[in-house]
Amino acid sequence: MLWSDRAEAAQEALQQHFWNPDIAMYNIETPCPNGECNTIFHYWWMAHAVDVLVDGFLRSKRVIYARTLAELHEGILRRNGGAFPNELYDDMEWMAIAWLRAYAATGREAYKETAFLLWEDIKTGWNDHMGGGIAWQKSQLDYKNTPANAPAVILAARLYQSFGREDDLEWAQRIYDWQKQHLVDPESGFVWDGMNRTGDGSIDKEWKFTYCQGVFIGAGVELYRVTGDDRYLEDALRTAAAAEAELTGPDGIFPDEEDGDGGLFKGILARYLAELCLCIGSAGQPAAAVLVRNAESLWAAGSSGNRLFGTDWRTSPAGRVTLSTQLSGIKLLERMAEMEKKGLLFQEV
């Protein structure tokens with residue numbers, strides 16, 4: 001399988017160039033002699049590393065993925081001071097989503113416990129500032145944004161799907177309704193980043209990120225899966241079309257959003273566009289075509305000879321490569337492998 005082989009090659013590059021057994025986590029960039037680059041703990045990057053390891057395990061069933069997951073769970077726990085919660089609600093949501101998937105893939109109870117623990121903390125972020133919604137961080141409870149709300153919907157809906165607790169579904173729907181009412185353009189379906197960041201109630205409509213489109217698409221897909229309500233699917237399709245129209249150039253490739261946190265953004269959109277395709281089959285052909293274009297560009301032009309990925313999926317990286325951009329590329333390739341397996345690539349590759 002073409003894309004499965006490519007995903008495996010990218011995963012091997014991740015392990016070879018980023019894994020640091022001394023800390024049981026990934027280095028935040030490569031090269032990183034003696035781990036000297038690790039001056040910052042990128043908690044949410046490690047959550048996405050968990051996510052791509054789960055992808056690799058589900059695709060290949062290779063023991064190395066399960067073993068690395070176990071080591072990474074302990075490494076993150078140790079680096080975070082012996083507990084998983086932190087100050088940022090969106091970061092905790094990503095960690096909970098990832099470990100919930102790891103639990104579903106491996107059955108390891110510690111991963112479920114981590115997801116449950118984080119979810120209980122995340123729910124404390126909901127308050128009445130700006131009419132509801134989950135805050136971005138514990139020290140700024142009146143700032144509400146898409147990164148802290150749409151992923152919470154994904155998490156809550158998946159918790160409901162996994163364990164059948166009605167309260168989780170109610171949370172998912174409540175958060176989704178707030179998100180759609182406050183941070184989605186009613187005319188186009190394009191998703192805005194946040195509101196009240198500066199304390200004046202204004203919405204950051206000029207911040208146009210692939211990330212925000214991806215998580216709202218994912219929220220709609222997950223709620224559609226558990227409720228069968230077509231309005232969620234219609235919202236996801238509308239935002240997918242808006243994302244393509246607003247954020248891809250004439251060549252159909254997602255934008256360069258630099259490294260740092262922005263390096264993860266395209267991969268998040270790719271993951272949830274693929275989830276849309278996996279959910280609806282042939283009706284997702286336009287989104288599948290976008291993913292094929294981006295994946296082909298990443299593999300042919302945006303990757304180095306040793307399968308490292310930079311910020312621009314049109315250009316091979318030179319020199320330093322951050323963990324965030326490597327994970328982003330792997331997300332795309334792993335979803336391509338899954339769509340290939342399900343027969344959902346509607347364009348010759």
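As the structure is a prediction and not an experimental result, all values here were calculated from the model.
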Donor-acceptor pair, side chain of Glu93 and main chain of Leu155, under 3.5 angstrom
no

Side-chain contact test, heavy atoms from C-beta onward, threshold under 4.5 Å: evaluate it for Leu14 versus Trp19 and give yes or no.
no

Got a sec, which pairs hit salt bridge (Lys or Arg N to Asp or Glu O under 4.0 Å) with one end in residues 143-157, sequence neighbours left out?
none

To the nearest 0.5 Å, atom CG of Asp312 lies from atom CG of Leu298 at 10.0 Å

Going by the rule side-chain contact (heavy atoms from CB on, under 4.5 Å), which residues pair with Asp168 if we only count those two or more places apart in sequence or in a different chain?
Trp119, Leu159, Tyr160, Arg165

Heavy-atom distance under 4.5 Å between the side chains of Phe116 and Tyr103, does that happen here?
no

Starting from the C-alpha separation in whole Å, work towards a yes-or-no answer on side-chain hydrogen bond (donor to acceptor under 3.5 Å, both in side chains) for Asp261 and Trp44.
CA-CA 9 Å; Asp261 287 344; Trp44 87 290; 2.8 Å; yes

All heavy atoms of Ala13 vs all of Leu308, minimum pair found to be CB-CD2, 4.3 Å

For Asp128, is the CG atom crowded, meaning more than 12 foreign heavy atoms sit under 6.0 Å from it?
no

Return yes when atom CD of Glu206 has more than 12 non-hydrogen atoms of other residues, nucleotides or ligands closer than 6.0 Å, and no otherwise.
no

Between CZ of Phe18 and SG of Cys37, what distance do you get to the nearest 0.5 Å?
9.0 Å

Glu109 CD: over 12 foreign heavy atoms closer than 6.0 Å:
yes

Are Glu275 and Arg271 close enough for a salt bridge, meaning some N to O gap below 4.0 Å?
no

In the structure I gave you, are the side-chain heavy atoms of Trp313 and Ser328 within less than 4.5 Å of one another anywhere?
yes

Determine, stepwise, if the pair Ile175 / Trp126 fulfils side chain to side chain contact (heavy atoms under 4.5 Å, CB included).
CA-CA 9 Å; Ile175 299 166; Trp126 178 278; 3.9 Å; yes

Just one of Val215, Val153, Asn149 clears the side chain to side chain contact (heavy atoms under 4.5 Å, CB included) bar with Gln179, so which one?
Asn149

Quick check: does any side chain N or O of Ser304 sit under 3.5 Å from a backbone N or O of Ser316, one acting as donor and the other as acceptor?
no

What one should report as the nearest heavy-atom pair of Ala96 and Ile122 is CB-CD1, 4.3 Å

Is there side-chain contact between Trp3 and Met339, with at least one heavy-atom pair below 4.5 Å?
no

Would you please classify the geometry between the His73 ring and the Trp99 ring as parallel, tilted or perpendicular, with 30° and 60° separating the classes?
perpendicular

May I ask you to test the Lys266-Leu332 pair for a side-chain heavy-atom distance under 4.5 Å?
no

So, are Arg6 and Glu296 salt-bridged, with charged N and O less than 4.0 Å apart?
yes

Can Glu222 and Arg225 be said to form a salt bridge (charged side-chain N to carboxylate O under 4.0 Å, His left out), step by step?
CA-CA 5 Å; Glu222 296 303 329; Arg225 282 172 168 159; 2.9 Å; yes

Pick one: which of Val226, Thr227, Asp229 meets side chain to side chain contact (heavy atoms under 4.5 Å, CB included) with Gln173?
Thr227

Any Tyr272 side-chain heavy atom under 4.5 Å of Ile268 side chain:
yes

Can you confirm whether Leu278 sits close enough to Arg335 that some side-chain heavy atom of one is under 4.5 Å from a side-chain heavy atom of the other?
yes

Parallel, tilted or perpendicular for Trp207 and Phe209, by the 30°/60° rule?
tilted

So, Thr30 side chain and His17 main chain: donor-acceptor pair closer than 3.5 Å or not?
yes

Just do the side-chain hydrogen bond (donor to acceptor under 3.5 Å, both in side chains) check on Tyr176 and Asp235 with the steps written out, would you?
CA-CA 11 Å; Tyr176 184 92; Asp235 287 348; 2.6 Å; yes

Could you report the tightest heavy-atom contact between Arg238 and Ser188, atom names first, then the distance?
NH2-N, 3.4 Å

Would you call the rings of His48 and Trp94 parallel, tilted or perpendicular if under 30° counts as parallel and over 60° as perpendicular?
tilted

So that I know where these two stand, are Tyr232 and Tyr224 an aromatic pair - ring centroids less than 6.0 Å apart?
no

Can you tell me how the ring of Phe309 sits relative to the ring of Trp299, calling it parallel under 30°, perpendicular over 60° and tilted otherwise?
tilted

Between Asn145 and Asn196, is any pair of side-chain heavy atoms under 4.5 Å apart?
no

Does Asn38 reach the main-chain N or O of Ile28 with its side chain, forming a donor-acceptor pair under 3.5 Å?
yes

One should read off an interatomic distance between Asn20 CG and Cys32 SG, to the nearest 0.5 angstrom, of 7.0 Å

Can you see which heavy atom on Leu276 is nearest to which on Ala236, and at what distance?
CD1-CB, 4.1 Å

To check you understand the geometry: which heavy-atom pair defines the closest contact between His182 and Ile203, and what is its length?
O-CD1, 3.6 Å

Please round to the nearest 0.5 Å and tell me the distance separating atom CG of Asp51 and atom CD1 of Ile330.
11.5 Å

Just wondering, are more than 12 heavy atoms of other shown residues or ligands nearer than 6.0 Å to CD in Glu258?
no

Between Thr311 and Asp259, is the side-chain hydrogen bond (donor to acceptor under 3.5 Å, both in side chains) condition met? List the steps.
CA-CA 6 Å; Thr311 63; Asp259 56 13; over 6 Å; no

Side-chain ion pair, Arg59 and Glu8, N-O less than 4.0 Å:
yes

Does the Asp204 side chain pair with the main chain of Arg197, one donor and one acceptor, at a distance under 3.5 Å?
no

Using atom types as modelled and distance alone, determine if a side-chain donor or acceptor of Tyr43 lies under 3.5 Å from a backbone N or O of Phe84.
yes

Pairing donors with acceptors under 3.5 angstrom, does anything connect the side chains of Asp185 and Trp192?
no

Identified side-chain hydrogen bond (donor to acceptor under 3.5 Å, both in side chains) partner of Lys138 from the options Thr124, Asp121, Asn86
Asp121

